[in-house]
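Proteins get letters first, then strands, A, B, ... in listed order; numbering begins at 1 in each.
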Amino acid sequence: MKQTNFNYRVFLFLLLFPCFVFAQNTVTGKVSAENGDPVPFANVIEKGTTNGTTTDFDGTYSIDVSGFPATLEFSSLGYTTVEQQVSASGAVDVTLSEAAQALEEVIITGLGTSIKRANAANAVSSVSAEELVGTTGQTTVDGALYGKVTGVNITASSGAPGGGFALRLRGISSINGNNQPLIIVDGVYVNNVEIPSGLRFASGANRPNEENAANRLADLDPNDIEDIEILKGSSAAAIYGQRGNAGVIIITTKRGSRGKTKINFAQDVGIQVIANPLGLRPWTAQSVEDVFGPDERAKYEAVINARGELYDYEDIIYGETGFITETRLSASGGDEKTKFYVGGGFRDEAGIIKNTGFDRLSLRANIDHKISNTFDVTSTSNYVRSNSSRSFTGNENEGGLSYGYNLAFTRPWNNLFPDAQGNYPFNPTFAGNPVFVRDKAINEDSNNRFIQGLTVNTKILTTDKNRVKLITSAGVDYLSNETYVYVPETHQSHPDPDNPGFIAVGNNNFTQFNAQAIGVWNYNASTDLALTTQAGMTYLYQDFDNVLTTGSGLLAGQTNVDNSAVQAIFQTKQREQDFGMFGQVEANYKDQFIATVGYRLDKSTRNGDPNEYYGFPKASLAVNLANMDFWTVDALNQVKLRAAYGETGNPAQFGSTFTSYVSTTIGGPAGQTLGGLKGDPDVQPETAREFEFGLDLGVLDSRINLEATYYNKQVDDLILTRTLPGSSGFTQERTNLADLKNTGVELAVTADVFQSEDFAWNTRVQWYKNTSEVTRLDVPAFAQPGAGFGTGLGTFFIEEGQPVTQLVGNIDGELQQVGDVEPDFQMAWSNNITLFQDWDLSFLFQMKEGGDNLNLSRFLTDLGQTSEDLETPEGQARLASPTNALRFIEDASYIRLREAALYYNVPSKFVESVFGGNVEGVRMGVSGRNIFTITDYSSYDPETSVNGGAGLSSGIEVTPFPSATQVYFHLNVNF
Amino acid sequence: MKNIIRNITLVGMTTAALFVTSCTFEEVVDPNGPSVDGVQSEASIGQLNELVVGVESSARNGIAIETTASGTMARELYLFDADPRNTGDLLGKNGIGLDNNSFYSTAQWNGSYRCIKNANLLISAANNTSAITNGERNGYLGFAKTIIAYELIQMAKSYGQARVDVADEENLGPIVGEAEVLAAARNMLNEANNELNSGTFLFSLSAGFDGFDTAGTFSQFNRAVAAMAAVYAGDGPGALSALGGSHFNLNGDLSNGPKHLFAPGGNDALNGLFKLPSTSVEDQNNGDQIIVHDSWINDAEAGDLRVAAKSAPRPDPSASLDDLTGTHETRLYGSSTDFIDFIRNEELVLIYAEASILAGNLGNAENGLNVIRNAAGLANYSGDTSAAGLTNEMLNQRRYSLWCENHRMYDMRRYGRSGTLPIDRAGDQVFNQLPVPLAEEN
């Protein structure tokens with residue numbers, strides 16, 4: 001009720017305000033952007049004085065100057081500043097052009113506010129649409145970020161179509177909890193779960209995370225994205241409180257702008273092939289006899305005599321050429337009141353294994369509407385239907401399904417092809433026939449997803465000194481996922497040999513809802529000092545319900561779970577709520593000193609006490625030396641010193657507070673058996689505090705930019721799942737046990753090396769490293785459960801004073817550090833070259849130096865005697881050594897040509913002569929992704945993770961889906 | 001102006017205050033399973049009986065791995081499957097040692113102690129409820145303690161040591177040696193037997209316990225385990241006395257005894273020792289198979305029916321894994337829902353023979369061994385009838401009667417004969433006990 005009153009008063013105030021300022025020397029006018037949109041809240045200052053005002057909603061202003069001639073200075077965030085001589089009172093209209101340079105770029109610092117990059121106190125990485133998808137075709141957003149962001153470590157856990165990526169910002173921030181950054185798309189908190197399919201019940205994989213599911217960021221079409229901001233550490237992400245420990249990725253999708261409706265059509269066609277086939281062991285009749293005896297030699301010779309060559313099953317399974325098409329159509333435009341972007345894209349990608357693939361249909365409608373001078377509303381809607389078929393890779397036990405496992409033991413003289421009646425033979429040397437699995441077994445998922453964001457901005461008060469607005473927004477991310485695994489009853493091995501065949505049908509529903517209300521008050525205390533204050537509340541609700549139905553003992557040829565003799569159902573429910581409040585004040589003194597302080601309070605049902613608030617403070621300062629009056633070095637247009645401190649949190653994983661029984665039965669009634677996890681009813685969130693400082697330089701009007709950052713991120717009260725003494729009856733407990741420190745350096749240099757009409761060259765070099773150390777551990781050092789295969793083969797090992805990413809193995813009875821998966825440093829070098837105006841050449845090299853992998857695929861191929869190097873003395877020497885971690889540890893450094901492209905912009909004259917006025921522009925090009933890799937690593941890809949993207953996962957390899965090289969042809973038409 | 005700001009602040013703060021106070025989260029309960037605390041006071045009979053099912057169900061934990069691991073180490077079988085450590089570590093390939101953080105060392109330890117914990121939680125639940133009478137309580141206690149003792153004996157066999165005092169997970173007792181574990185198990189069995197003798201069962205057990213499912217008949221199982229523990233402890237008279245109360249019957253059905261039941265279904269378990277039989281060279285199952293160690297075939301007396309009953313020739317005996325092969329594969333179980341014995345009369349007759357040797361009643365020992373031999377289609381024993389000779393024969397009969405049932409490694413160890421086991425590949429070694437899991441140091 002109070003608010004109605006209040007608005008009325010504001011209205012009155014606004015109505016009467018102009019009457020008070022009637023005077024002689026008045027200049028009025030309108031400030032517009034190049035596209036004709038009014039620029040509200042632009043600063044209008046009489047130069048050399050403190051006299052100033054701001055434009056209103058319609059971009060109009062009125063200023064009373066001291067006398068004529070006067071110089072008016074018009075400035076606004078995101079626009080270049082314009083000075084205008086005025087010689088008499090009257091109307092002066094001004095057009096501001098959008099600032100093209102990075103220096104003027106705006107980045108998000110709070111939940112409701114943004115800041116000029118030039119004034120930011122944190123190293124916030126931004127990735128534009130052009131950088132993200134402008135070079136080559138991209139399947140997923142995370143996969144598109146390689147080499148584009150400092151401080152990030154991306155690991156592909158699977159080469160399967162549809163991805164599977166682990167993204168880490170500034171090192172590991174949690175060992176058992178969430179390590180993936182919080183992802184926010186247009187204000188909607190989106191779900192990035194990996195959804196297991198239950199194929200482990202057929203393959204014998206140990207855990208759901210060995211099933212190699214994709215993470216569901218794969219549903220987001222990278223081509224919809226306008227801009228990505230990455231808040232890497234706690235100091236930048238503090239305002240996101242207890243969901244900010246692993247960093248925050250803020251994604252903004254494309255919007256319409258005022259003016260003529262633009263239509264864009266794009267068509268990509270491409271192929272993918274295996275990037276790095278390993279090849280066959282070059283068997284000889286003698287080596288076959290030496291290894292397997294005369295009977296096998298006879299089989300070898302029979303195949304050589306009949307076919308002239310062995311069966312190259314690596315090529316047979318992984319050697320397909322996958323066809324890729326992607327079609328996109330979008331329209332954007334708008335008028336003064338309403339702007340829109342509607343678009344759709346369909347990507348269809350076949351994998352390098354027959355019957356694998358990924359497709360995604362994405363439809364989007366983004367609408368901005370200005371209801372009145374007080375209210376405007378934004379709606380972003382995205383529907384996605386995605387399907388993938390990932391087949392069977394990775395770890396297993398006796399399932400006979402995983403290709404790499406099968407191939408390791410398949411001798412190339414085994415004929416595994418079906419006979420004339422279509423009957424596939426059993427594999428005589430392993431539990432499965434990979435040709436049968438490829439042709440007959442299924443592992444698929446499909447997703448229906450709807451992501452909706454809605455924001456209402458209410459401008460409560462606007463005066464020349466004060467602007468108050470209320471931003472209320474809400475978002476829903478609903479994901480309905482179905483998984484389907486089918487292993488025919490004619491497959492060679494079965495988890496239940498009496499009931500051959502297996503089907504698993506998963507129905508998984510994920511609902512996420514978030515809402516927030518933020519009040520923002522901009523107060524121009526004087527022309528020199530501006531204060532931006534915000535305060536608000538956020539609420540997050542997540543409801544997950546996963547039901548998996550499995551059947552075994554299938555009717556011949558039947559694929560419905562109903563047609564099975566033995567059925568089992570598993571259900572997992574998860575519901576959680578977070579609530580937070582925050583406030584932040586930002587002060588900007590003449591763009592010279594920019595200081596921010598803020599505080600956030602959060603509670604979560606995942607913590608021991610769901611109603612206890614945890615506080616997360618932040619403070620930062622940026623000093624722009626080049627903006628100081630004494631600065632005279634013109635060549636250095638920006639010299640910024642910055643320092644930031646912030647704290648964030650991460651609540652315990654769902655279920656950490658419970659100690660529960662699970663159901664069991666023994667041929668009859670239901671019973672209870674201990675679940676094995678000892679929960680902690682008092683568990684606290686993990687909290688991180690980070691101090692970051694850096695120096696930003698802009699040289700020659702920012703033709704060259706340097707950004708250097710050091711950070712020290714301390715994570716306290718890490719929640720560890722550790723193995724308990726089995727004699728306690730529990731196998732694991734989960735509680736706050738340790739502290740962890742990450743320190744690192746990030747450097748980035750961008751330069752417009754040449755800027756001439758016929759030759760322009762822009763280059764960027766990034767270099768960064770992270771080092772971690774466990775600084776406190778309340779319990780004895782232990783092997784991290786679920787991250788490795790025990791100390792016998794090497795495992796992640798949590799130990800005070802050591803990196804959290806170390807790998808430890810049992811070597812002759814002694815535990816010994818054998819490696820560390822953390823890279824020594826990473827680098828990226830990206831280049832954009834424009835030749836003769838119409839040709840664009842770009843390429844991106846990415847390098848990882850150091851970081852070890854445990855190559856356990858090698859363990860299997862050695863055992864099966866199929867490793868490609870076993871005809872060499874080195875291979876034989878390895879074969880004779882003990883099968884401990886030292887044997888399998890390998891350096892996983894690499895240099896990769898990640899992206900390269902050459903585009904041609906068809907000259908507009910030519911376009912016009914062919915299409916008349918119907919077509920505005922045509923652009924064509926060829927590109928490639930993962931074009932070549934230089935590495936000493938002996939398997940398919942130095943990037944690998946047998947345990948998916950969660951926790952400590954990357955760096956251990958067991959027969960992954962091999963990575964592919966992709967080549968595209970692109971056509972892009974603007975109407 | 002100032003007022004307006006104040007108003008904004010006021011409105012904002014009031015709204016915030018209202019929202020915050022109305023936003024109190026409820027206490028969170030596990031939506032996916034009953035809480036452990038929920039049964040620790042005033043449990044109902046229904047809840048107690050659910051815990052009984054949990055104890056019997058979890059007694060199956062780790063059975064397949066403990067049997068194949070100890071059988072591999074004792075060279076009575078190989079496990080050909082996806083995990084290379086089954087043909088590597090367990091045979092000490094190329095000088096590698098056993099690892100205390102790998103599945104073969106943790107599966108049985110964790111599995112057995114899960115069962116023991118279930119039993120201990122049942123004991124405290126039964127002790128903290130007024131829903132049952134003392135006699136009924138004794139039924140629960142006698143059942144739980146018998147199972148705990150049985151599991152502890154399994155630990156002593158595999159690890160040569162165990163932790164006995166584990167009721168309070170926050171204050172675990174020390175790991176003690178084999179003799180102390182056996183002594184503690186025998187005490188617990190006696191305590192349990194007294195409770196069974198004065199108790200009644202309010203609960204039913206699975207069909208695996210048919211004939212042993214009342215307090216009175218379950219006591220026979222208790223005494224059978226006590227006899228087993230006694231011979232392991234070298235106490236012949238004690239074993240003979242315990243056998244008197246057990247289901248031991250020299251002339252009875254050798255297969256009689258309580259069993260682990262297996263059934264399909266998500267919350268049930270299958271007999272992991274059943275392996276798909278190979279029928280032809282084309283369909284030969286080498287990917288997940290128990291291969292009989294050739295010495296077991298070669299050392300068998302001609303006409304021993306147990307060889308053909310428990311194994312069958314492999315269609316292609318040359319199919320090897322990790323340089324190992326064998327002429328026969330397992331036929332011990334006919335399906336994945338076949339029972340696995342806890343302790344059957346056949347083992348009790350062998351315990352009777354062993355106890356008789358220990359007690360100096362060599363004639364009785366020979367009688368017992370002849371019962372076993374005759375049942376296997378062999379003539380009466382005609383060899384050396386000294387204690388040493390009969391011990392050799394007793395161990396030999398155990399080798400064939402109890403093949404692939406988790407006995408051979410312990411039999412060899414307790415009689416100091418592990419060194420006599422064959423080495424199949426240069427560089428292999430013989431281990432006769434599993435290392436205590438790394439996590440026990442935590």
Can you tell which part of Phe789(A) gets under 4.5 Å to a heavy atom of chain B, answering side chain, backbone, both or neither?
both
With only heavy atoms counted, which part of Ser493(A) is less than 4.5 Å from chain B, the side chain, the backbone, both or neither?
neither
Under 4.5 Å from a heavy atom of chain B, the part of Asp545(A) involved:
neither
Side-chain donor-acceptor pair present, Thr673(A), Asn118(B), cut-off under 3.5 Å:
yes
Residue part contacting chain A, namely of Ser336(B), when any heavy atom lies under 4.5 Å
both
Side chain, backbone, both or neither: which part of Asn611(A) has an atom under 4.5 Å from a heavy atom of chain B?
side chain
Do Arg163(B) side-chain atoms and Ser727(A) backbone N/O form a donor-acceptor pair below 3.5 Å?
no
Proximity breakdown for Arg411(A) and chain B, heavy-atom pairs closer than 4.5 Å
side chain
Taking only residues two or more places apart in sequence, or in another chain, which ones meet Glu576(A) in a side chain to side chain contact (heavy atoms under 4.5 Å, CB included)?
Arg243(A), Gln542(A), Gln574(A), Thr605(A), Arg606(A), Phe654(A)
Report which part of Ile569(A) has an atom under 4.5 Å of a heavy atom belonging to chain B: side chain, backbone, both, or neither.
neither
Proximal component of Thr791(A), with respect to chain B [non-hydrogen, under 4.5 Å]
both
Side-chain donor-acceptor pair under 3.5 Å between Ser318(B) and Glu296(A), yes or no?
no
Go through the atoms of Ala408(A) and report whether side chain, backbone, both or neither lie under 4.5 Å from a heavy atom of chain B.
neither
Kindly indicate whether a cation-pi arrangement holds for Lys117(B) with Phe730(A), taking the cut-offs as under 6.0 Å to the six-membered ring centre and within 45° of the axis.
no
Engaged part of Val779(A) at the chain B interface, taking heavy atoms whose separation is under 4.5 Å
neither
Using heavy-atom distances under 4.5 Å, tell me whether Phe658(A) contacts chain B through its side chain, its backbone, both, or neither.
side chain
